[in-house]
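Each ligand, and each atom within it, is numbered from 1 in the order the structure gives. Just so you know, these numbers use all the heavy atoms, side chains as well, and skip hydrogens, waters and symmetry mates. Residues: numbered from 1 along the sequence shown.
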Amino acid sequence: MDSELVNIPMIVDVPYRFAAGGYMARFLTELRDNGKFFGIKCPSCGRVQMPPRIVCAACHVKNGEWIELSPEGMLMGFSIVHLPLTDPTTGQTHKTPYTYGIVRLDGAYSTIEHFIDVEPDIQKVRVGMRVRAILRPQAERTGDLNDILHFAPIGEA
Ligand SMILES: [Zn+2]
């Protein structure tokens, strides 16, 4: 017997804050105060996770050694975004279209997702391109991932 699916459309506005935790707080504080990226190294397999996690996802052991990473890395994947998504930390929408990508900083195993400062044209962006983090001016940083304005292409090595 089929049952009727009843929908109740509503808009829920729920502002909230949550604790970043010790590892993420150190990462965000270094980014805000010193403009530096730090990852954390697994003592078993040696993988460097950035942003840092307490436990290595592969070995299930506690990470402990902090490693300063380069602000440069490689674009591992990207999307040309046409939907005006709302930034959850500012409530503002980003002008579309724009390029959003997955970046692996040099020396890191894991990746970070962010805006890529490349014209949103499939002919002008490519997986493997070298990029560098462009940060907000120090006085404007607040201690979240928006302290990174975007990643910009750099010359090929
Ligand atoms: Zn590991």
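Ring-plane geometry between Tyr100 and Phe115 is classed as perpendicular, the angle between the planes exceeding 60 degrees on a 0 to 90 degree scale with a lower cut at 30.
Excluding waters, the set of protein N, O or S atoms lying under 2.8 Å from the Zn ion (ligand 1) comprises Cys42 SG, Cys45 SG, Cys56 SG, Cys59 SG.
Interatomic distance, CD1 of Ile67 versus CG of Leu105, reported as 13.5 Å (0.5 Å rounding).
Put simply, the side chain of Pro51 does not reach to within 4.5 Å of the side chain of Phe37, judged on heavy atoms.
Remark: Lys36 engages no residue in a side chain to side chain donor-acceptor pair (under 3.5 Å) (not counting sequence neighbours).
Judged by the 6.0 Å distance and 45° axis criteria, Arg53 is not positioned over the aromatic ring of Tyr23.
When the side chains of ILVMFWY residues are joined at heavy-atom separations under 4.5 Å, either directly or via intervening members, Ile40 and Val55 end up in a single hydrophobic cluster.
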